[in-house]
Amino acid sequence: MNEVPRVDGGVVRDGTTDLGGELHALVSRLFPICRSITGEGVRETLAILSEHIDIAVREVPSGTPVFDWTVPQEWTVRNASIRTASGRVVVDFAQSNLHLVSYSEPVARRMPLSELRAHLHTLPDQPDLIPYRTSYYRRDWGFCMRHSDYLALEEGDYDVFIDTTLADGSLTYGEVFLPGTTEREVLFTAHICHPSLANDNCSGLAVLTLLARMLAGRRNRYGYRILFAPGTIGALCWLAGNEDRLARIDHGLVVSCIGDGGGPVYKRSRRGDATIDRVMESVRCAGRKVTMLDFSPYGYDERQFCSPGFNLPVGLLQRSAFGTFPEYHTAADNLDFVRPEHLASSFRMITDIIDILETDWVPLNLSPKGEPQLGRRGLYSATGGHKTTSDITMAYLWVLNLADGSHGLLDIATRSGLPFADIAYAADRLKQCGLLGEMEDSVNRQT
């Protein structure tokens, strides 16, 4: 059983209550921080994550060309509000950092409601929720508010105050690398640029942080690279700085919206038939199969890793797919929406994925002429004539039939439709009984 570090520095067993509680506690620490694609919020978040795993913090200066993009100026926010002419506060950034459009430029002036309206963002269909909006690459400013409050605004003048700075600085991202026994790598990444949105994506940051701690405490075949970076521009910065090592990446996952009770949902890599795509067909989360979606060039940072110039084997893993749940990009994506039990089951799903990648091997049937007699080896019921055959018996038969030296355990699980864990168990039993050998290069084969 895996051991997972507690947020308070101790160690707990991988049980639903303890693990989920530790993950939720970390999400709760991250939730209040105002993050954007640059700035102190990202650094503060990485400092908290660094309490649990050693993170290399990278700084990319403003103005740095990154493929077709340029690293923007660093954004600093101190305060923002809207008040009536009589001084009554209408919107206050101090109450929710979602109130301010991210990357808003500084403003300090009085204006009529007719002019202010063009800078207000609401959700008419969800009138009691504050939306999340950004303006990263176009100089602008704005506020987000409840539509019910917007409708209550009276005609007249309003004092708009936004205390922000846009100045040359840097973009910050964090990276963890845990070497394996081979040079092949697995990439996990979560975006770190959203403010107080618990599922999108404090959940991903927490899960990958404790996952990195777990991986650091064991011997792995693969090297594991965990990236905490701002969306789009952060992933592009990492890609630009690591082009010489991208060929080592055999598998990858973008992890987002991993703390709710939906799904799970997986979007395939651009390749469509990468090993990670097939792995996702074999895992379960809280007993549920993964809903498989075809690749689309719209989404999170998988679209950068899967752009045609890289075409890396990277998919997107979520519980509920982005944009499909009503809490998405609103103030309802809060600490009540993500639950400890869902965080824990997501964590275990990812450890199951890792176990498949780490333990896949190519078996060879040592008795390939006809079906070997399983009954005298205790692997088959001594009483025949049953109408159905158990899953484990079918696993024995599938392994023996496909163990011709060209199929790995994952291949067999995919072909049979049986869980990888059943196939791996069956292969191990057959090996112990002397019916299976292992291809010499199966441990080191690139998948």
Side-chain angles (χ1 to χ4, degrees), residues 1-5 12-20 22-23 178 180 184-190 203-204 206-222 224 226 250-269 274-292 313-319 340-361 391-392 395 399 408-428 447:
M1 185 178 291
N2 294 327
E3 291 193 340
V4 181
V12 296
R13 291 291 181 179
D14 183 9
T16 300
T17 302
D18 289 334
L19 173 60
E22 298 305 320
L23 287 164
L178 305 169
R184 311 310 301 170
E185 295 183 12
V186 179
L187 173 68
F188 290 110
T189 179
S203 65
V207 167
L208 290 192
T209 297
L210 295 194
L211 183 77
R213 268 305 275 278
M214 184 202 74
L215 289 169
R218 71 183 212 179
R219 188 172 182 266
N220 303 299
R221 172 162 59 113
Y222 285 101
Y224 287 86
I226 295 94
D250 285 347
H251 323 284
L253 278 178
V254 173
V255 177
S256 174
C257 302
I258 207 77
D260 70 286
V265 176
Y266 173 76
K267 185 172 79 173
R268 293 182 177 90
S269 70
T275 297
I276 191 64
D277 301 325
R278 294 187 293 117
V279 167
M280 296 309 305
E281 295 176 351
S282 298
V283 297
R284 304 289 186 271
C285 183
R288 299 197 296 262
K289 289 185 176 181
V290 178
T291 298
M292 305 291 291
V314 175
L316 170 63
L317 176 61
Q318 302 180 294
R319 292 298 295 265
E341 62 271 23
H342 304 323
L343 290 162
S345 59
S346 296
F347 183 98
R348 285 193 296 274
M349 173 174 55
I350 297 176
T351 59
D352 288 344
I353 293 166
I354 291 170
D355 287 343
I356 293 175
L357 296 176
E358 289 285 327
T359 61
D360 190 21
W361 55 281
D391 284 350
I392 193 59
V399 170
L409 299 187
L410 177 60
D411 300 321
I412 299 172
T414 302
R415 176 79 177 271
S416 67
L418 295 171
F420 179 90
D422 289 356
I423 294 297
Y425 172 81
D428 185 62
T447 55

Margin query: Ala190: which residues meet the side chain to side chain contact (heavy atoms under 4.5 Å, CB included) condition with it, sequence neighbours left out?
Written below: Asn201, Leu205, Leu208
Next item on the list: With rounding to the nearest 0.5 Å, note down the distance linking CD in Glu358 to CZ in Arg219.
Entry: 10.0 Å
Next item on the list: Quick one: closest heavy-atom pair of Phe347 and Leu210, and the distance?
Entry: CE1-C, 3.7 Å
Check: So, do Gln318 and Leu316 sit near enough that their side-chain heavy atoms are less than 4.5 Å apart?
Finding: yes
Check: Is the closest side-chain heavy-atom distance between Ile356 and Leu410 below 4.5 Å?
Finding: yes
Next item on the list: Return the set of residues passing side-chain hydrogen bond (donor to acceptor under 3.5 Å, both in side chains) with Asp277 (not counting sequence neighbours), or none when no residue passes.
Entry: Tyr266, Ser269
Notebook entry, point to check: Tell me, do Ile276 and Ile353 make a side-chain contact under 4.5 Å, heavy atoms counted?
Noted result: yes
Check: Residues two or more places apart in sequence or in another chain: which of them pass side chain to side chain contact (heavy atoms under 4.5 Å, CB included) with Ala424?
Finding: Leu409, Phe420
Notebook entry, point to check: Quick one: do Asp355 and Arg221 make a salt bridge, cutoff under 4.0 Å?
Noted result: no
Anything under 3.5 Å between a donor and an acceptor, one on a side chain of residues 280-287, the other on a protein residue two or more places apart or in another chain? List them.
none

Checklist line | Side chains of Ile350 and Val255 in contact at under 4.5 Å (non-hydrogen atoms) | finding: yes
Notebook entry, point to check: Which atom names give the shortest non-hydrogen contact between Ile392 and Asp422, and what distance separates them?
Noted result: CD1-O, 4.0 Å
Notebook entry, point to check: Looking at side-chain heavy atoms only, is the closest gap between Val254 and Leu317 below 4.5 Å?
Noted result: no
Check: Rounded to the nearest 0.5 Å, how far does CG of Leu178 lie from CE of Met214?
Finding: 10.0 Å
Check: At what distance, to the nearest 0.5 angstrom, does CG of Asp428 lie from OG1 of Thr359?
Finding: 10.0 Å
Item checked: Nearest non-hydrogen partners of Ile423 and Ser416, listed with the distance -> CD1-OG, 3.9 Å
Checklist line | Those residues that, when tested against Ser345, pass side-chain hydrogen bond (donor to acceptor under 3.5 Å, both in side chains) (two or more places apart) | finding: Arg319
Checklist line | For Leu343 against Ser203, the heavy-atom pair lying closest together | finding: CD2-CB, 3.7 Å
Next item on the list: Provide the closest heavy-atom pair for Thr351 versus Arg348 in the form atom of the first, atom of the second, distance.
Entry: OG1-O, 2.7 Å
Notebook entry, point to check: His251 and ring-ring contact (aromatic ring centres under 6.0 Å, His included): which partner among Tyr222, Phe188, Tyr224?
Noted result: Tyr222
Check: Looking only at heavy atoms, what is the nearest atom pair of Ile226 and Ala212, with distance?
Finding: CD1-CB, 4.0 Å
Item checked: Residue pair Ile354 / Leu215, side-chain heavy-atom distance below 4.5 Å -> yes
Check: Tell me, which pairs form a salt bridge (Lys or Arg N to Asp or Glu O under 4.0 Å) where one or both residues lie in residues 253-267, sequence neighbours left out?
Finding: Lys267-Glu302
Checklist line | Arg415 CZ: over 12 foreign heavy atoms closer than 6.0 Å | finding: no
Margin query: If you define the side chain from C-beta out and look only at heavy atoms, does anything of Val290 sit under 4.5 Å from Val265?
Written below: no
